[in-house]
There are 2 protein chains.
Amino acid sequence: MDELRNKSGLTETEFLAGYDAGKFDRISVTVDMLLFSVMDQDEDNYRKLPEKQLKVLLVRRGDHPCIGQWALPGGFVNADESLDAAAARELKEETGIDHIYMEQLYTYGSPRRDPRTRIVSTAYMALLDRAIELQAGDDAADARWFGVERQVLQEVRTNTGRGSVVEQLVELRLSNQTVHLSGVMKITKTIDGKVTRFNREIVDSCGIAFDHTDIISYGLERLRNKIEYTDIAFSLMPEYFTLTELQQVYEVILDRELLKANFRRKIAPMVAETNMRKTDAGHRPSKLYKYNPNWVEDVF
Amino acid sequence: MDELRNKSGLTETEFLAGYDAGKFDRISVTVDMLLFSVMDQDEDNYRKLPEKQLKVLLVRRGDHPCIGQWALPGGFVNADESLDAAAARELKEETGIDHIYMEQLYTYGSPRRDPRTRIVSTAYMALLDRAIELQAGDDAADARWFGVERQVLQEVRTNTGRGSVVEQLVELRLSNQTVHLSGVMKITKTIDGKVTRFNREIVDSCGIAFDHTDIISYGLERLRNKIEYTDIAFSLMPEYFTLTELQQVYEVILDRELLKANFRRKIAPMVAETNMRKTDAGHRPSKLYKYNPNWVEDVF
DNA sequence: GGAATAGTGTCTATGAGACACTATTCA
DNA sequence: TGAATAGTGTCTCATAGACACTATTCC
């Protein structure tokens, strides 16, 4: 095969020897890591269960651009590593964690999304099954968990002659004890004739760096969709858990309450009972379950 | 805000003036366009309806690397355009088409996926509602439609101690009157404890350039999933169509037959009847429908 | 008339949702 | 004992699937 020659009469080996990568614009490529976890809120009443909250990990930027703002952890892709490997490496560097669920989310490539230079960034989403202590004085000097809330502020539906436009204003609020961040996205679905287009635009961003408001809100939407038809929720659970804890994770992500009996029927095939129980809770103990790894879904 | 200074005492303006993009490895970024359409097969019996087939557009490579093989149309992203814009531009250049459905699929970034240099490529999927004539002597000298077939060759399920592994061998066959291409993917889902990982690997590729076997098979999976819960199928239909034609499009993408009565009930809210009919077909004429752009789904 | 597609009616099985009820700890 | 959660039973309604049937065109 190496004997094939192109119009200039070159074999592939000869062609590659003379190839100049610099003749096309080269671009900096980074990965950003959207790390979610679900953690307990403290509860004063010993009898009540602690509430759960969806958290995202952000890092305070210590340098320009967006100095002082909060950003997703991430960094440049090295010459010899795949995007997946770069994302896993960044996660490990920032948090010391490995072997957790991770998937590629979306690639952001607006020409001016970073004032330094043209940067294309591939966002990944990862899910963590526990709270981790963030060691201060690390590479990421100032990494913190933020509680995540999302709210639709406004929805406008317009009928145009050739179709319709649906426009939503969605607010994202990220907060912990000391810091409160927020951003607003305008998400538009336009149907023009038969052509449907989606558009996402950051309308307002308060303390969130770059276009990370968009990434976080998109990741949240993906998580919300996937929890309905995959087993992704178990990536957020410890090895043993009660069904109520599992239900709380679903509720916090879907942002609505579920009926216990129905929930249990639905997830029954995905879990396996153990003979352990969680006791000393000020009320009836509950069985501990674990993920049933032999659960068969429609695979791919 | 510009008055914030970093540890070196620089304002953002000063910082940016001294920023050297070259200190990190820069990478070539391209877009690849997976363009699908559904076209009629010729039918000899005048009474029978023509069968439909899913098609993908490929371009024969005239230069190294992968000279002589068939690839997705695509090209380098320009310095000043977004990824979406680059994908739309490439599509327009190769086919003369614009204003069609398009979405970002996935970003491929293995270090050695292209022998020239490190290339990260963002794949897009677009859907076309008609057959277009491919003008020879174009930029893409040799662009052709290929019929797409996918077949699961083997599925192996293994129970490991800590979980399970499901491994599928999937063959992709692309063909037209003169050219027959094929590729085989090994798609693996590994559950290890609670951590689920997916892996896609090209096992064999016969005449399909680079990692495009992976892109095409992934796009096909995405199309198959989305046709079940979105209105994406209408992007593949002309303005007016019969319900049987619409059903054929679903069948060709899902690769299974559907029951007519059930199909019609299901898509009824998405279509609007017209008072036109399709006649002279050697059998009972059928009503023409169009997409109902006021159909309300759960929006986002 | 007959070949072919167009189009409809209805039964059943399954699953989602609502709701009411019983059971069990432990301070 | 009572506050709280754990856990179950059952009804209804909506939807997916199977299947059988009627209707209409045009050669």
Side-chain angles (χ1 to χ4, degrees), chain A residues 40-52 225 227-229 240-251 254-290 295-298, chain B residues 40-52 225 227-229 240-251 254-290 295-298:
Chain A
D40 288 348
Q41 300 280 76
D42 290 331
E43 178 57 55
D44 40 339
N45 182 340
Y46 79 97
R47 300 194 113 160
K48 286 199 169 169
L49 288 174
E51 295 209 341
K52 294 204 182 276
N225 285 331
I227 204 175
E228 300 254 36
Y229 66 92
Y240 300 104
F241 49 83
T242 69
L243 294 185
T244 300
E245 286 166 349
L246 183 60
Q247 183 174 342
Q248 285 178 313
V249 168
Y250 274 79
E251 288 179 341
L254 294 173
D255 196 24
R256 64 189 165 91
E257 297 195 342
L258 303 174
L259 291 166
K260 188 168 45 164
N262 301 342
F263 176 76
R264 283 167 184 238
R265 260 195 300 277
K266 191 167 159 177
I267 50 90
M270 295 193 229
V271 294
E273 203 175 311
T274 69
N275 44 25
M276 292 176 285
R277 296 196 310 165
K278 188 173 187 176
T279 52
D280 298 312
H283 49 78
R284 174 175 173 177
S286 51
K287 279 185 205 146
L288 287 171
Y289 286 76
K290 59 179 186 179
W295 172 61
V296 204
E297 53 175 335
D298 305 332
Chain B
D40 288 348
Q41 299 279 75
D42 290 333
E43 178 57 56
D44 40 336
N45 181 342
Y46 78 98
R47 299 195 114 161
K48 287 198 169 171
L49 288 175
E51 295 207 341
K52 295 206 181 275
N225 285 330
I227 203 174
E228 300 253 38
Y229 66 94
Y240 300 104
F241 50 84
T242 69
L243 294 185
T244 300
E245 286 165 350
L246 183 60
Q247 182 174 343
Q248 285 177 314
V249 167
Y250 273 79
E251 288 178 340
L254 295 173
D255 196 25
R256 65 191 165 90
E257 298 195 343
L258 303 174
L259 290 166
K260 189 168 43 164
N262 302 341
F263 177 77
R264 283 167 184 238
R265 259 194 301 277
K266 191 166 160 178
I267 51 88
M270 293 192 232
V271 295
E273 202 174 313
T274 70
N275 44 26
M276 293 178 282
R277 295 197 311 165
K278 188 172 187 177
T279 52
D280 297 312
H283 50 76
R284 176 175 171 179
S286 51
K287 281 184 203 142
L288 288 170
Y289 286 77
K290 60 179 185 180
W295 171 62
V296 205
E297 55 176 333
D298 304 331

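Atom set for the values below is all heavy atoms of this structure, side chains included, hydrogens, waters and symmetry mates excluded.
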Original post:
Want to settle it: does B:A281 or A:T242 sit nearer the 5' end of DNA chain D, counting the closest nucleotide to each?
Top reply: A:T242
With side chains defined as the heavy atoms from C-beta onward, is the minimum distance between [X] and [Y] less than 4.5 Å?
| X | Y | value |
| --- | --- | --- |
| B:T242 | B:K287 | no |
| A:Y289 | A:L246 | no |
| B:R264 | B:T244 | yes |

Original post:
What nucleic acid atoms does A:T244 come within less than 4.0 Å of, heavy atoms only: base, sugar-phosphate, or nothing?
Top reply: sugar-phosphate
Subject >> First and last nucleotide of DNA chain D, 5' to 3', lying under 4.0 Å from heavy atoms of chain A >> reply: D:dG2 to D:dT10
When rounded to the nearest 0.5 angstrom, what is the spacing between [atom1] in [X] and [atom2] in [Y]?
| X | Y | atom1 | atom2 | value |
| --- | --- | --- | --- | --- |
| A:K260 | A:F263 | NZ | CZ | 12.0 Å |
| B:L258 | B:I267 | CG | CD1 | 11.0 Å |
| A:K52 | A:Q247 | NZ | CD | 12.0 Å |

Original post:
Considering only heavy atoms, which members of residues 256-263 of chain A lie under 4.0 Å from some atom of DNA chain C?
Top reply: A:L259, A:A261, A:N262
Original post:
Which pair of non-hydrogen atoms, one from A:V249 and one from A:I227, has the smallest distance, and what is that distance?
Top reply: O-CD1, 4.5 Å
Subject >> Rounded interatomic separation in angstrom, taking NZ from A:K48 and C1' from C:dC26 >> reply: 17 Å
Original post:
Is A:R265 near enough to C:dG17 that one of its side-chain N or O atoms lies under 4.0 angstrom from OP1 or OP2?
Top reply: no
**OP:** Identify which one of B:Q41, B:E251, B:Q248 satisfies the side-chain contact (heavy atoms from CB on, under 4.5 Å) criterion when paired with B:E51.
**Re:** B:Q41
Original post:
Which residue lies toward the 5' end of DNA chain C, A:K266 or B:L243, if each is placed at its nearest nucleotide?
Top reply: B:L243
